[in-house]
Amino acid sequence: MANIIIPPGWQSKDSESTSRSAYDSRRTFIKTLGLGSIGVIGGWSYACSDEDRIREVVRVADRPDGPLGTIPQDAPRAGLPADRNTLYKVGEREISDRIAASSYNNFYEFDGSSKEIWHLTDEYDPFPTVLKVRGEVEEEFEIDVFELIESMAIEERLYRFRCVEAWSLTVPWSGFPLAKLIERCRPTSKAEFVRFVSISDKKQMPGVANQPWYKWPYYEALRIDEAMNPVAFMATGMYGEPLPKQNGSPMRVVLPWKYGYKGAKAVREIEFTRRQPKTFWNDLAPSEYSFLSNINPNVPHPRWSQASERFISSLESVRRIPTTMFNGYGEWVGSMYPDEPRS
Ligand SMILES: Nc1nc2c(c(=O)[nH]1)N[C@H]1C(S)=C(S)[C@@H](COP(=O)(O)O)O[C@H]1N2
Ligand SMILES: [Mo]
């Protein structure tokens with residue numbers, strides 16, 4: 001079974017080990033077979049370099065019902081577009097193009113082998129969703145996510161976003177501080193950790209049905225001090241509109257100082273615990289995906305360097321930039337991690 005588990009990053013490894021000419025000849029071969037572009041992306045993406053795959057995505061993103069056509073009609077729009085919180089600035093680079101941010105994704109519930117998953121979200125219907133709040137709380141409860149979102153003061157945060165696979169974006173998220181939701185949950189003094197569980201539906205999400213070797217539903221967790229940090233955010237929208245389905249509608253956790261996989265998409269349950277919960281990627285490959293997973297250029301992934309990243313400005317424009325400690329959020333989060341290797 002282990003050989004069919006594809007943790008995030010295998011693609012990066014393959015791209016480094018697949019020579020340019022080998023890739024070119026494979027592509028010619030596919031063209032000769034006359035396969036459509038979606039098939040090429042879905043079935044052969046592992047053989048391409050990241051930049052090549054981004055270029056492949058462009059052609060599909062050009063479709064009229066493209067990646068922004070997946071914003072749910074019945075998502076809450078109150079407060080959108082929201083005012084940007086100017087405390088959090090990303091001065092050194094531009095905002096990523098929104099088509100790129102919504103057509104180059106990781107969401108294994110839809111497909112684990114391709115980034116181009118937005119066109120697989122047709123059956124997924126994020127609203128209504130009921131959020132379950134469980135565990136070490138004064139009282140367990142459930143709340144309709146639409147009502148929850150509408151009851152929160154929505155703000156915009158421009159954040160860096162970096163995947164463990166060494167690609168990155170700059171995204172204007174809208175939503176509310178995770179701390180506001182934690183306070184609403186009324187955890188007891190015994191709560192040391194917060195666990196997030198994602199929506200997982202075989203009928204609506206093809207990757208859940210097709211990849212039974214993963215331990216669905218997706219589950220992630222934070223220490224309570226991390227979840228209460230002012231930078232931790234619950235995104236309900238991006239680029240001034242509700243979240244497209246592929247970006248984690250109805251709501252998803254955003255932790256810009258941690259690798260992307262720490263932020264669960266399509267959250268439907270929050271559980272407070274005394275003990276450190278297990279997490280999805282750590283369970284599959286503990287030596288590659290630690291519980292903390294703070295962004296740190298000094299700590300290489302066992303199979304590649306984390307010193308730099310491919311910044312996706314748009315699908316046509318990708319450039320390599322250095323990765324910085326805590327992704328530039330050390331001012332807010334650094335004191336939580338005295339043991340994080342600083343050099
Ligand atoms: N439920 C769920 N959440 C998830 C993932 C996933 O596969 N399923 N992928 C993670 C990873 S690896 C990344 S990089 C980000 C990608 O978010 P984006 O596609 O909106 O950029 O979502 C994270 N959250
Ligand atoms: Mo990721």
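Of the charged side-chain nitrogens involved, at least one lies within less than 4.0 Å of a carboxylate oxygen, so that Arg319 and Glu94 count as a salt-bridged pair. A salt bridge between Glu226 and Lys258 is present, with a side-chain N of the basic residue lying under 4.0 Å from a carboxylate O of the acidic one. Using a 4.0 Å cut-off between charged side-chain N and carboxylate O, Glu136 and Arg186 make no salt bridge. Using a 4.0 Å cut-off between charged side-chain N and carboxylate O, Arg223 and Asp225 make a salt bridge. Note on Glu92 versus Arg160: salt bridge recorded, some NZ/NE/NH1/NH2 to OD/OE distance being below 4.0 Å.
In this model, no donor atom of one side chain and acceptor atom of the other lie less than 3.5 Å apart for Ser114 and Glu116. Inspection of the Asn106 and Lys115 side chains reveals an N or O donor paired with an N or O acceptor under 3.5 Å. With 3.5 Å as the limit, one finds a donor-acceptor pair spanning the side chains of Arg320 and Ser308. In summary, the side chains of Arg162 and Thr323 do present a donor paired with an acceptor at a separation below 3.5 Å, with no hydrogens or angles considered.
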Checking side chain to side chain contact (heavy atoms under 4.5 Å, CB included) for the pair Trp118/Tyr104: CA distance, chi angles, key distance, verdict?
CA-CA 9 Å; Trp118 59 266; Tyr104 190 81; over 6 Å; no

I'd like to know whether Ile295 forms a side chain to side chain contact (heavy atoms under 4.5 Å, CB included) with Thr324, so could you lay out the CA-CA distance, the side-chain angles of the two residues, the decisive distance to 0.1 Å, and finally the verdict. CA-CA 8 Å; Ile295 296 169; Thr324 59; over 6 Å; no

Exercise for the section: Start with the C-alpha gap between Trp257 and Tyr159, add the side-chain angles, then the distance that decides, and say whether side chain to side chain contact (heavy atoms under 4.5 Å, CB included) holds. Expected result: CA-CA 9 Å; Trp257 74 97; Tyr159 276 167; over 6 Å; no

Walk me through whether Leu181 and Phe176 qualify under side chain to side chain contact (heavy atoms under 4.5 Å, CB included).
CA-CA 8 Å; Leu181 178 55; Phe176 45 85; 3.9 Å; yes

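Both Val267 and Phe141 belong to a single network of hydrophobic side chains, linked directly or stepwise wherever heavy atoms of I, L, V, M, F, W or Y lie under 4.5 Å apart. Trp332 and Phe233 fall within a single hydrophobic cluster, where Ile, Leu, Val, Met, Phe, Trp and Tyr are joined by side-chain heavy atoms under 4.5 Å apart, directly or via other members. Both Leu148 and Met238 belong to a single network of hydrophobic side chains, linked directly or stepwise wherever heavy atoms of I, L, V, M, F, W or Y lie under 4.5 Å apart. Ile199 and Val197 fall into different hydrophobic clusters, defined by Ile, Leu, Val, Met, Phe, Trp and Tyr side-chain heavy atoms under 4.5 Å apart, directly or through other members. No path of Ile, Leu, Val, Met, Phe, Trp and Tyr side chains, each step under 4.5 Å between heavy atoms, connects Ile321 with Phe326, placing them in separate hydrophobic clusters.
For Trp281 and Tyr219, the ring centers sit 6.0 Å or farther from each other. Outside the 6.0 Å centre-distance limit, the rings of Trp173 and Tyr239 are not counted as a close aromatic pair. In this structure, Tyr124 has its ring center closer than 6.0 angstrom to the ring center of Phe110.
Checking side-chain atoms of Ser168 against main-chain N and O of Glu309 turns up no donor-acceptor pair under 3.5 Å. With Gln211 contributing its side chain and Tyr108 its backbone, the two residues share a donor-acceptor pair below 3.5 Å.
Counting all heavy atoms, side chain and backbone alike, Ser335 lies closest to Pro338 at O-CD, 4.0 Å. Considering every non-hydrogen atom in both Phe161 and Gly260, the closest pair reads CZ-CA, 3.9 Å. In plain terms, the two heavy atoms of Arg252 and Asn247 that are nearest each other are NH1-O, 2.8 Å. Annotation for Asn296 and Pro341: closest pair ND2-O, 2.8 Å, computed over non-hydrogen atoms. Residues Pro250 and Phe127 share a closest heavy-atom pair of CB-CZ, 3.5 Å. Pro244 approaches Ser102 most closely through the heavy-atom pair CG-OG, 3.5 Å.
To the nearest 0.5 Å, atoms NZ (Lys215) and OG1 (Thr279) are separated by 10.0 Å. Distance check: Asn327 CG to Met325 CE gives 11.0 Å after rounding to the nearest 0.5 Å. Rounding to the nearest 0.5 Å gives a distance of 10.5 Å between CD1 of Ile312 and OG of Ser317. For the atom pair CD1 of Ile182 and CE of Met234, the computed distance is 7.5 Å after rounding to the nearest 0.5 Å. Note that CG of Leu131 and CG of Asp144 are 10.0 Å apart. Values are rounded to the nearest 0.5 Å.
Sorted by first and then second residue, the side-chain hydrogen bond (donor to acceptor under 3.5 Å, both in side chains) pairs with a member in residues 190-199 read Arg195-Glu271; sequence neighbours excluded.
Side-chain contact check for Phe272 versus Arg134: every heavy-atom pair is 4.5 Å or farther apart. The closest side-chain heavy-atom distance from Asn85 to Glu155 is below 4.5 Å. Between Thr170 and Phe311 there is a side-chain heavy-atom pair separated by less than 4.5 Å. Two residues are said to be in side-chain contact when any heavy atoms from C-beta on lie closer than 4.5 Å; Phe196 and Leu178 meet this criterion. Using a 4.5 Å heavy-atom cutoff, the side chains of Asp201 and Asp125 are not in contact.
In this structure, Ile71 shares a hydrophobic cluster with no other residue, the cluster being traced through Ile, Leu, Val, Met, Phe, Trp and Tyr side chains under 4.5 angstrom apart.
Partner Phe280 forms a ring pair (Phe, Tyr, Trp, His ring centres under 6.0 Å) with one of Trp216, Phe291, Tyr261 and no other, that one being Trp216. Here the rule is side chain to side chain donor-acceptor pair (under 3.5 Å) with Thr70, and of His119, Gln246, Lys245 only Gln246 fits it.
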Going by atom type alone, with no hydrogens or angles, which donor-acceptor pairs under 3.5 Å involve a side-chain atom of residues 72-84 and a protein atom two or more places apart or on another chain?
| from | atom 1 | to | atom 2 | distance (Å) |
| --- | --- | --- | --- | --- |
| Arg77 | NH1 | Glu241 | OE1 | 3.4 |
| Arg77 | NH2 | Glu241 | OE1 | 3.0 |
| Arg84 | NE | Glu156 | OE2 | 2.9 |
| Arg84 | NH2 | Glu156 | OE2 | 2.9 |

